[in-house]
Amino acid sequence: MERVPVLKIGDILLVSIQIDMEDQVALQLQEDLAEKIVATGCHGVIIDISALDIVDSFVGRTLATIASVSRVLDAETVVVGMRPAVAITLVELGLSLPGIRTALNVELGIEMLARSRAESAPDEDEDEDDPAAVPAP
Amino acid sequence: MSEESRQIPVTTDQDVVRVRQLVRTVAVDAKLSLVDQTKLVTAASELARNTLVYGGGGTVEVSRVRNEIRAGIRIVFADQGPGIADLDLALTDGYTTGGGLGLGLSGARRLVDDFTIDTAPGEGTTISITKWCR
């Protein structure tokens with residue numbers, strides 16, 4: 001089975017899907033990404049789908065799951081590079097990918113992640129592992 | 001009237017990828033617009049996955065067709081699986097028995113020009129879709 005590589009660039013994990021994925025490959029990517037987020041402590045994930053000529057409901061759902069899992073692991077996901085025909089088809093299929101942030105290309109995706117990171121962590125001195133977010137029992 | 005057709009079995013994940021690739025090739029040959037190619041390949045992917053997951057495998061046949069006015073592509077998905085008991089429900093957005101999003105059948109129907117389904121409990125399911133060149 002083929003595998004989609006996950007690259008670490010600074011604080012970001014970059015995934016560029018270059019193959020027509022079997023369903024199992026998509027599920028493997030979901031697992032690989034979750035593990036890599038935890039292993040690296042990266043706070044951003046960029047998934048480049050510019051090479052995909054279709055996104056069906058399975059891949060769409062996988063992208064949505066990746067975004068949700070990432071969020072739980074304190075990482076933000078941006079899906080970039082969707083082709084216009086893919087966007088039209090997805091919406092007509094009934095999948096508007098709620099909860100998924102998108103950008104037109106990798107560069108804009110990186111900017112988006114940097115901006116949202118700056119907004120969510122205004123206090124530079126704050127410890128990344130601040131337990132304040134965990135509610136008291 | 002069918003001009004040429006190709007049939008492939010669908011018994012694995014990989015076969016679903018093969019269906020997508022075959023439909024893409026035929027759609028390009030038939031000079032479908034890019035958006036229509038994308039819609040047809042996406043619909044085929046949804047239905048081929050249904051054939052595999054719900055039908056327990058089956059066959060997909062892709063044909064070039066022509067009527068009095070236009071050329072098009074017809075794809076027939078056939079399985080000998082359990083069939084669909086409540087078709088109206090199965091065609092409802094968001095309804096699923098398999099843990100998916102419930103958009104496969106209903107979404108695929110929106111992406112093509114003609115959609116016919118022939119099914120009964122215990123009798124398998126045959127779905128035929130057609131996309132016409134504009």
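Just so we're on the same page: letters track the sequence lines, and every chain starts at 1.
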A.B. asks: Once rounded to the nearest 0.5 Å, what's the spacing between atom CG of B:Leu111 and atom CG of A:Leu90?
C.D. replies: 9.5 Å
A.B. asks: For A:Leu104, is the CG atom crowded, meaning more than 12 foreign heavy atoms sit under 6.0 Å from it?
C.D. replies: no
A.B. asks: Using heavy-atom distances under 4.5 Å, tell me whether B:Ala43 contacts chain A through its side chain, its backbone, both, or neither.
C.D. replies: neither
A.B. asks: Any donor-acceptor pair under 3.5 Å linking the side-chain atoms of B:Asp114 with those of B:Trp132?
C.D. replies: yes
A.B. asks: Heavy-atom cut-off 4.5 Å, strictly under: side chain, backbone, both or neither for B:Arg24 against chain A?
C.D. replies: side chain
A.B. asks: Which one of A:Val25, A:Ile88, A:Ile54 has the most heavy-atom pairs closer than 4.5 Å to chain B?
C.D. replies: A:Ile54
A.B. asks: Would A:Val79 end up clustered with A:Leu13 when hydrophobic side chains under 4.5 Å apart are linked, directly or stepwise?
C.D. replies: yes
A.B. asks: For B:Arg110, is it the side chain, the backbone, both or neither that has a heavy atom under 4.5 Å from a heavy atom of chain A?
C.D. replies: both
A.B. asks: So what's closer than 4.5 Å to chain A heavy atoms on B:Val35: side chain, backbone, both or neither?
C.D. replies: both
A.B. asks: What part of A:Met1 gets within 4.5 angstrom of chain B, counting heavy atoms only: side chain, backbone, both, or neither?
C.D. replies: neither
A.B. asks: For the salt bridge (Lys or Arg N to Asp or Glu O under 4.0 Å) test, which of B:Arg134, B:Lys39, B:Arg74 pairs with B:Asp113?
C.D. replies: B:Arg134
A.B. asks: Heavy-atom cut-off 4.5 Å, strictly under: side chain, backbone, both or neither for A:Val55 against chain B?
C.D. replies: backbone
A.B. asks: What are the two closest non-hydrogen atoms of A:Ile37 and A:Ser70, and how far apart are they?
C.D. replies: CD1-OG, 3.6 Å
